[in-house]
Amino acid sequence: MRTVHTLKELRAVLNGYRRQGKRIGLVPTMGNLHEGHIALVEKALQAADVVVTSIFVNPMQFGISEDLDNYPRTLQADQDRLRAAGNTLLFAPAPSEIYPDGLACHTRITVPEVSEGHCGAARPGHFEGVATVVTMLFNMVQPGVAVFGEKDYQQVAVIRKLVEDLFIPVEIIAAPTVRDADGLAKSSRNGYLTPEERSLAPAIYRLMQETGERLKAGDTDYGQLERQALDSLYLGGFRPDYFTIVNSHTLKPAQPGDTELTILAAAFLGVTRLIDNLSITRSIG
Ligand code: PAF
């Protein structure tokens with residue numbers, strides 16, 4: 001596996017593959033790779049001939065009080081994991097390569113509506129940063145297919161919308177969330193949890209499953225279900241941001257007639273913000 005750090009090197013290598021008619025897959029990441037990321041690479045290898053994984057801790061998507069400086073940077077270990085997974089090329093640019101003139105005067109991509117609630121409301125500017133860097137990565141790599149994790153449900157919705165609105169010729173694949181045995185979704189931020197917090201963390205998934213069962217059984221009192229789950233999160237030691245039942249496609253509050261529903265949840269344990277989601281389909285009548 002080769003690692004490149006500049007756009008010039010990236011383009012030179014990719015032009016070679018393109019001349020050979022290879023389909024290029026892209027897996028954008030911020031590094032500190034775990035089994036969830038490797039599952040994305042494996043998915044991309046099924047859909048493309050060569051896979052570019054990018055590692056870039058994107059400053060534009062972090063708020064001022066967030067963990068940009070402390071975000072784990074583990075390039076050597078990430079390279080080893082990617083090599084073992086059969087990844088073709090690693091693109092690991094420095095911030096100066098992506099934002100040569102700095103962040104303040106850089107063009108930004110805003111995806112209205114779908115970016116606005118949930119994590120968008122809790123983290124102002126976050127999805128603008130994601131949409132901007134992902135658009136840049138699409139332009140730099142020009143992949144035929146790109147793979148993202150379903151764990152970031154709203155992020156996938158934002159990316160699908162920007163691809164549609166900007167006519168970007170790339171297929172988007174959302175890969176299922178990879179979980180630890182106790183149900184906690186794999187995340188680079190799980191490493192921030194203390195042992196006690198780690199033992200509490202799976203409650204988010206348990207609560208989503210319980211709520212999901214009630215939805216499947218026909219319960220449409222979404223407000224009550226959300227309030228009960230929020231109470232349980234507080235009692236379980238969390239500081240919840242939201243626990244909300246939405247229409248899986250619009251991400252707007254679920255209506256009684258909706259059949260495809262997604263529970264979106266975000267909650268702090270100590271300083272660590274965990275997010276997760278669960279989608280269900282139910283029949284009505
Ligand atoms: O999901 C992530 O790791 C990031 O938001 C992404 C898509 C790599 C953009 O920086």
Side-chain angles (χ1 to χ4, degrees), residues 7 10 25-41 43-44 51-63 66-75 77-78 81-82 85 87 89-99 103 106-111 114-115 118-120 122-141 143 145-163 166 168 170-178 185-192 264 266 272-277:
L7 179 56
L10 176 75
L26 171 66
V27 179
T29 81
M30 298 205 299
N32 192 227
L33 304 181
H34 49 68
E35 287 92 323
H37 295 111
I38 298 306
L40 305 184
V41 173
K43 209 38 160 202
V51 172
V52 181
T53 295
S54 61
I55 294 183
F56 179 61
V57 182
N58 173 33
M60 199 190 275
Q61 69 188 73
F62 286 76
E66 293 184 349
D67 55 346
L68 173 64
D69 292 339
N70 300 330
Y71 199 86
R73 286 146 171 101
T74 53
L75 187 61
D78 292 347
R81 273 184 175 261
L82 289 171
N87 183 71
L89 183 66
L90 167 60
F91 178 46
S96 57
E97 186 72 13
I98 301 292
Y99 301 116
L103 282 185
H106 199 279
T107 300
R108 288 166 188 253
I109 305 283
T110 303
V111 183
V114 72
S115 292
H118 324 301
C119 282
R123 304 180 67 190
H126 170 67
F127 285 121
E128 193 176 69
V130 170
T132 301
V133 82
V134 168
T135 304
M136 292 165 77
L137 287 166
F138 286 160
N139 285 333
M140 290 187 275
V141 176
V145 57
V147 185
F148 296 85
E150 243 168 28
K151 186 187 140 265
D152 297 301
Y153 193 89
Q154 191 177 9
Q155 170 169 282
V156 173
V158 168
I159 291 163
R160 284 194 192 283
K161 182 77 167 94
L162 89 83
V163 162
L166 301 182
I168 302 178
V170 60
E171 178 193 354
I172 302 297
I173 295 179
T177 303
V178 178
K186 300 257 184 205
S187 164
S188 299
R189 291 191 167 101
N190 292 353
Y192 298 155
L264 299 175
T272 311
R273 186 172 185 275
L274 301 173
I275 63 168
D276 206 344
N277 64 85

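Residue indices begin at 1 and follow the sequence shown. Model, not experiment: these values are computed from the prediction. Atoms within each ligand, like the ligands themselves, are counted from 1 in listed order.
When every heavy atom of Leu10 is checked against every heavy atom of Val52, the shortest pair comes out as CD1-CG1, 4.3 Å. Residue Arg160 comes nearest to Ala174 through the heavy atom pair NH2-CB, 3.8 Å, listed as atom of the first residue, atom of the second, then distance. Summarising the geometry of Lys186 relative to Lys151, their closest heavy-atom pair is O-CD, 3.4 Å, with the distance given to 0.1 Å.
Numbered from 1 in the order shown, with element, the atoms of ligand 1 that lie under 4.0 Å from a heavy atom of Val133 read 9 (C), 10 (O). Heavy-atom proximity to Thr29, at under 4.0 Å, picks out these atoms of ligand 1: 8 (C). Ligand-side atoms of ligand 1 in range of Pro28: 8 (C), range being under 4.0 angstrom from any heavy atom.
Scanning the protein for heavy atoms near atom 10 (O) of ligand 1, the closest one is Gln61 OE1, 2.6 Å. Protein heavy atom in closest approach to atom 3 (O) of ligand 1: Met30 CG, 3.6 Å. Of all protein heavy atoms, the one closest to atom 7 (C) of ligand 1 is Gln155 NE2, 3.5 Å.
Ion pair Arg273/Asp67 not flagged as a salt bridge, since none of the NZ, NE, NH1 or NH2 atoms sits closer than 4.0 Å to an Asp/Glu carboxylate oxygen.
Under 3.5 Å, the side chains of Asn58 and Tyr99 contain a donor-acceptor pair of N or O atoms.
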